[in-house]
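A short worksheet on the structure shown next.
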Amino acid sequence: MSELSFDEALAAILAMVGQLVDIHLLDAGESPQLVAAFGGRLEAGHSLTGGEPTAEEAIFVRLVSGKESTSLNLNRELYRGGMIHPDGGLTMHSGSVDLMISRR
């Protein structure tokens with residue numbers, strides 16, 4: 001597993017758009033703990049302003065499950081690294097949390 005740039009991690013997430021995914025959110029402290037787990041169909045993201053994202057801007061990717069939806073905030077400034085797993089899953093280190101995203 002090699003370290004990914006923000007753009008590579010974003011491309012990996014966008015490659016999952018339209019697919020069912022599971023997301024695990026972990027506290028990335030000294031003793032990582034599961035904070036939340038949820039899943040749904042990943043939908044296309046957008047920048048905060050609705051236009052082309054700038055280098056500093058956060059990008060939101062929607063996750064829809066039935067009538068409910070939520071979004072992931074992917075922020076270039078908070079990104080601390082990531083990796084693609086052999087099964088195609090992705091881990092992103094962002095600020096004080098880790099996101100583990102896998103296809104169902």
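All residue numbers refer to positions in the sequence shown, counting from 1.
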Quick check: closest heavy atoms across [X] and [Y], and the distance to 0.1 Å?
X	Y	value
Tyr79	Gly81	OH-C, 3.1 Å
Ser65	Gly40	CB-CA, 4.2 Å
Thr91	His85	OG1-NE2, 2.5 Å

Given side chains that start at C-beta, do those of Met16 and Val61 come closer than 4.5 Å, heavy atoms only? no
Between Leu74 and Ile13, is any pair of side-chain heavy atoms under 4.5 Å apart? yes
Side chain to side chain contact (heavy atoms under 4.5 Å, CB included) with Val64: which of Lys67, Glu68, Arg62? Arg62
side-chain contact (heavy atoms from CB on, under 4.5 Å) for Leu42 and Gln19? Distances and angles first, verdict last. CA-CA 6 Å; Leu42 204 56; Gln19 298 180 23; 5.9 Å; no
Sorted by chain and residue number, the salt bridge (Lys or Arg N to Asp or Glu O under 4.0 Å) partners of Arg103 (sequence neighbours excluded) come out as none
Hydrophobic clusters here meaning ILVMFWY residues chained together by side-chain heavy-atom distances under 4.5 Å, can you tell me if Val17 and Leu72 are in one? yes
Consider only side-chain heavy atoms of I, L, V, M, F, W and Y, link residues closer than 4.5 Å, and tell whether Met100 and Leu63 are in one cluster. no
With a 3.5 Å cut-off and sequence neighbours excluded, list the donor-acceptor pairs that the side chains of residues 4-11 form with protein atoms.
| residue | atom | partner | partner atom | Å |
| --- | --- | --- | --- | --- |
| Ser5 | OG | Glu8 | N | 3.1 |
| Ser5 | OG | Glu8 | OE1 | 3.4 |
| Asp7 | OD1 | Arg76 | NH1 | 3.2 |
| Asp7 | OD1 | Arg76 | NH2 | 3.0 |
| Glu8 | OE1 | Ser5 | N | 2.8 |

Applying side-chain contact (heavy atoms from CB on, under 4.5 Å) to Ser94 and not counting sequence neighbours gives Leu78
In chain order, what residues pass the side-chain contact (heavy atoms from CB on, under 4.5 Å) check against Ser96, with sequence neighbours excluded? none
Pairs satisfying salt bridge (charged side-chain N to carboxylate O under 4.0 Å, His left out), at least one member in residues 83-100, at least two apart: Arg80-Asp98
Listed pairs under 3.5 Å, donor-acceptor, residues 23-33 side chains, sequence neighbours left out:
| residue | atom | partner | partner atom | Å |
| --- | --- | --- | --- | --- |
| Asp27 | OD1 | Gly29 | N | 2.9 |

Rounded at 0.5 Å granularity, tell me how far CE in Met83 sits from CG in Leu90. 9.0 Å
Donor-acceptor pair, distance only, cut-off 3.5 Å: does the side chain of Glu3 make one with the backbone of Gly82? yes
